[in-house]
Asker: 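Here it is, the structure in full.
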Amino acid sequence: MQRIPFGPAGADAPAVAAGMMRIAGASDAEIRELYTAARGVGIDFFDHADIYGFGHPGGTGTHHCERRFARALRLSPAERSEITLQTKVGIQTDPPGYDHSYRHIVAAAEASLEALETDYLDVLLLHRPDALVEPEEVGRAFDHLHAAGKVRAFGVSNCTVGQMRLLQGGVDKQLLSNQVQFSLARARLVADGFAGRGDGLVEYARAEGVTLQAWSPLQGDGGTFIGSPAYPELNAELSRIAAARGVAPSAVAIAWITRHPAKMQAVLGTTNAAHLREAAAGADVELSREEWYSLYRAAGNPLP
Ligand SMILES: NC(=O)c1ccc[n+]([C@@H]2O[C@H](COP(=O)([O-])OP(=O)(O)OC[C@H]3O[C@@H](n4cnc5c(N)ncnc54)[C@H](OP(=O)(O)O)[C@@H]3O)[C@@H](O)[C@H]2O)c1
């Protein structure tokens with residue numbers, strides 16, 4: 001699989017990552033099958049969050065999906081070292097809110113280490129912006145986790161350019177990534193750029209070497225747009241290009257993301273091994289400029 005730069009310091013990552021948000025109800029065997037399928041196509045990057053699986057019946061509150069992943073896989077130290085484990089903290093469940101205090105970040109990261117049964121997290125993201133954030137406090141939490149060998153690198157999620165700049169001002173460690181919603185059917189990041197709106201996050205990320213991670217890369221209104229009658233033109237165009245390239249329509253939707261010169265990483269969320277293999281193949285399909293714009297328009301996105 002094509003690899004992309006991960007942050008500005010020369011690290012790399014697969015152009016597609018496997019998101020673990022939906023594995024709460026999967027059996028050990030299903031999680032192993034999904035993991036094996038991912039590794040088989042070159043995905044060695046797994047995205048978690050402390051809140052994935054929260055509220056799942058019979059679950060364990062927060063950290064449920066992290067725990068299910070670790071218990072199903074029982075990775076040897078050697079295999080653990082082959083993969084990138086990324087998780088996210090900063091969402092409070094009880095009472096609901098966001099918390100980027102030193103105390104919360106450190107405690108939640110340590111609970112993720114325990115749930116994932118690992119000594120270190122490769123990447124820790126702040127899941128959503130906290131209106132009450134004190135950047136220096138985040139910096140202290142990151143320094144502590146890094147110095148203790150518990151977290152190797154840091155990033156954010158769902159942040160604007162202004163929020164990234166504010167945070168980076170108080171944090172010594174370079175913020176490597178920003179995980180944001182982006183798909184053919186949720187294309188505001190690029191659509192705003194055509195209209196002179198938005199905050200220029202894509203351009204900021206390119207200029208600063210921040211990797212944008214596209215979450216929900218196959219989602220539109222009311223679930224996935226793949227095969228959905230709500231997106232007839234988009235599906236016709238995905239199918240046309242898929243047939244010409246000998247891949248599945250989902251692969252073309254992923255190729256639309258990885259074709260962008262920002263070199264984004266698509267974070268797939270399927271729990272179906274066959275779906276994962278099909279969609280991940282898109283990372284190695286290079287769409288033409290005409291195909292990219294044609295898909296953009298077929299999804300109903302505006303071109304002023
Ligand atoms: N940072 C954030 O705020 C944030 C928010 C949401 C998600 N995320 C991350 O992004 C990841 C992906 O999110 P997502 O699950 O919404 O993304 P997605 O890959 O766009 O959607 C996956 C869903 O689409 C379904 N689907 C239907 N047909 C499919 C096909 N042909 N191929 C693939 N999937 C198909 C899957 O069902 P099957 O399982 O049956 O294939 C699954 O329910 C999450 O796991 C999480 O790691 C981050």
Side-chain angles (χ1 to χ4, degrees), residues 13-27 30-31 33-35 37-38 41 43 45-54 56 63-66 68-69 84-91 98 112 116 123-130 155-160 163-164 177-187 189 201 211-231 234-235 238-239 242 247-258 264-283 299:
V16 173
M20 297 292 123
M21 180 180 75
R22 297 181 191 268
I23 64 167
S27 68
E30 287 164 342
I31 293 171
E33 189 188 359
L34 186 67
Y35 175 84
V41 297
I43 296 175
F45 195 115
F46 297 87
D47 182 64
H48 290 268
D50 57 358
I51 58 154
Y52 291 166
F54 178 75
H56 183 75
H63 303 279
H64 178 64
C65 288
E66 293 175 331
R68 290 291 307 117
F69 181 87
T84 296
L85 284 179
Q86 170 173 278
T87 197
K88 313 181 204 76
V89 299
I91 298 183
Y98 304 117
S112 286
L116 285 163
V123 189
L124 181 70
L125 307 185
L126 297 180
H127 206 150
R128 284 192 175 275
D130 172 12
V156 294
S157 179
N158 301 303
C159 276
T160 63
Q163 289 161 341
M164 281 201 82
S177 55
N178 186 3
Q179 190 174 115
V180 290
Q181 186 178 38
F182 188 58
S183 75
L184 267 162
R186 298 271 169 80
L189 270 187
L201 177 62
T211 300
L212 293 176
Q213 300 179 303
W215 61 259
S216 294
L218 303 176
Q219 296 293 299
D221 295 334
T224 183
F225 54 78
I226 301 292
S228 163
Y231 294 87
L234 175 57
N235 277 292
L238 287 168
S239 296
V247 295
S250 61
V252 177
I254 295 301
W256 185 81
I257 292 171
T258 57
M264 301 181 197
Q265 183 185 52
V267 188
L268 274 180
T270 180
T271 55
N272 175 311
H275 280 170
L276 180 138
R277 281 190 211 94
E278 281 177 359

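Throughout, numbering of the chain's residues begins at 1 and tracks the sequence. Each ligand, and each atom within it, is numbered from 1 in the order the structure gives. Please read these numbers as outputs of a predicted model, since none were measured by experiment. In what follows, every heavy atom counts, from backbone to side chain, and hydrogens, waters and symmetry copies are set aside.
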Asker: Tell me if a side-chain donor or acceptor on Asn235 pairs with a main-chain N or O of Phe225 at a distance below 3.5 Å.
Answerer: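 Pair found, side chain donor or acceptor close to backbone of Phe225.
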Asker: Number the atoms of ligand 1 from 1 as they appear, then name those within less than 4.0 Å of a heavy atom of His127, with their elements.
Answerer: 1 (N), 2 (C), 3 (O)
Asker: Counting N and O atoms only, with roles assigned by atom type, does the side chain of Arg68 sit under 3.5 Å from a partner on the main chain of Ala26, one being a donor and the other an acceptor?
Answerer: yes
Asker: Could you list the atoms of ligand 1 found under 4.0 angstrom from a heavy atom of Asn158?
Answerer: 1 (N), 2 (C), 3 (O)
Asker: Consider every N or O of Gln179 and every N or O of ligand 1, then say whether any pair is closer than 3.5 Å.
Answerer: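 Between Gln179 and ligand 1, an N or O pair is found under 3.5 Å apart.
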Asker: Where on Ser157 is there a heavy atom closer than 4.0 Å to ligand 1, on the side chain, on the backbone, on both, or on neither?
Answerer: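 Near ligand 1, Ser157 shows its side chain, while the N, CA, C and O stay back.
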Asker: Is Pro217 in contact with ligand 1, taking contact as a heavy-atom separation below 4.0 Å?
Answerer: yes
Asker: Please compare Leu126, Thr224, Asp47 and report which has the shortest non-hydrogen distance to atom 25 (C) of ligand 1.
Answerer: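 Closest candidate by heavy-atom distance is Thr224.
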Asker: Could you say whether the N/O atoms of Gly269 and ligand 1 ever approach to under 3.5 Å?
Answerer: yes
Asker: Strictly under 4.0 Å, does any heavy atom of Gln213 approach an atom of ligand 1?
Answerer: no
Asker: Looking only at atom types and distance, does a side-chain atom of Ser183 sit under 3.5 Å from a main-chain N or O of Gln219, one as donor and one as acceptor?
Answerer: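 Checked: pair present.
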Asker: Does the Asp47 side chain pair with the main chain of Thr87, one donor and one acceptor, at a distance under 3.5 Å?
Answerer: no
Asker: Just distances here: any N/O of Met21 and N/O of ligand 1 closer than 3.5 Å?
Answerer: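 Yes, there is a polar N/O contact under 3.5 Å.
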Asker: For atom 20 (O) of ligand 1, grab the closest protein heavy atom and report residue, atom and distance to one decimal in Å.
Answerer: Leu218 N, 2.6 Å
Asker: Just distances here: any N/O of Ser216 and N/O of ligand 1 closer than 3.5 Å?
Answerer: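 Min N/O separation from ligand 1 is below 3.5 Å for Ser216.
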Asker: With heavy atoms only and a cut-off of under 4.0 Å, state how Arg22 meets ligand 1: side chain, backbone, both or neither.
Answerer: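 Arg22 to ligand 1: side-chain contact only, backbone stays beyond 4.0 Å.
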Asker: With respect to Lys88, determine whether any N or O atom, backbone or side chain, lies less than 3.5 Å from an N or O atom of ligand 1.
Answerer: no
Asker: Among all protein heavy atoms in this structure, tell me which lies nearest to atom 6 (C) of ligand 1, with the distance rounded to 0.1 Å.
Answerer: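 Result: Trp215 CE3, 3.2 Å.
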Asker: Pull out every atom of ligand 1 sitting under 4.0 Å from any heavy atom of Asn272, numbered as shown with elements.
Answerer: 39 (O), 41 (O)
Asker: Would you check if there is a donor-acceptor pair between the side chains of Gln265 and Thr211 at a distance under 3.5 Å?
Answerer: no
Asker: List the closest protein heavy-atom neighbour of atom 40 (O) of ligand 1: residue, atom name, distance to the nearest 0.1 Å.
Answerer: His275 ND1, 4.0 Å
Asker: If the cut-off is 4.0 Å to any non-hydrogen atom of Met20, which atoms of ligand 1 fall inside it?
Answerer: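 Close to Met20: 45 (O), 47 (O).
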Asker: Taking side chain to side chain contact (heavy atoms under 4.5 Å, CB included) as the criterion, tell me which of Asp221, Leu238, Leu184 meets it with Tyr231.
Answerer: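 So the option named by the test is Asp221.
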Asker: If hydrogens are left out, which of Arg186, Arg277, Gln219 has an atom nearest to atom 22 (C) of ligand 1, that is, the closest non-hydrogen atom?
Answerer: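 It is Gln219 whose heavy atom sits nearest to atom 22 (C) of ligand 1.
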Asker: Please confirm whether the backbone N or O of Gln179 pairs with a side-chain atom of Ser157, one donor and one acceptor, at under 3.5 Å?
Answerer: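 Yes, because the side chain of Ser157 sits within donor-acceptor range (under 3.5 Å) of the backbone of Gln179.
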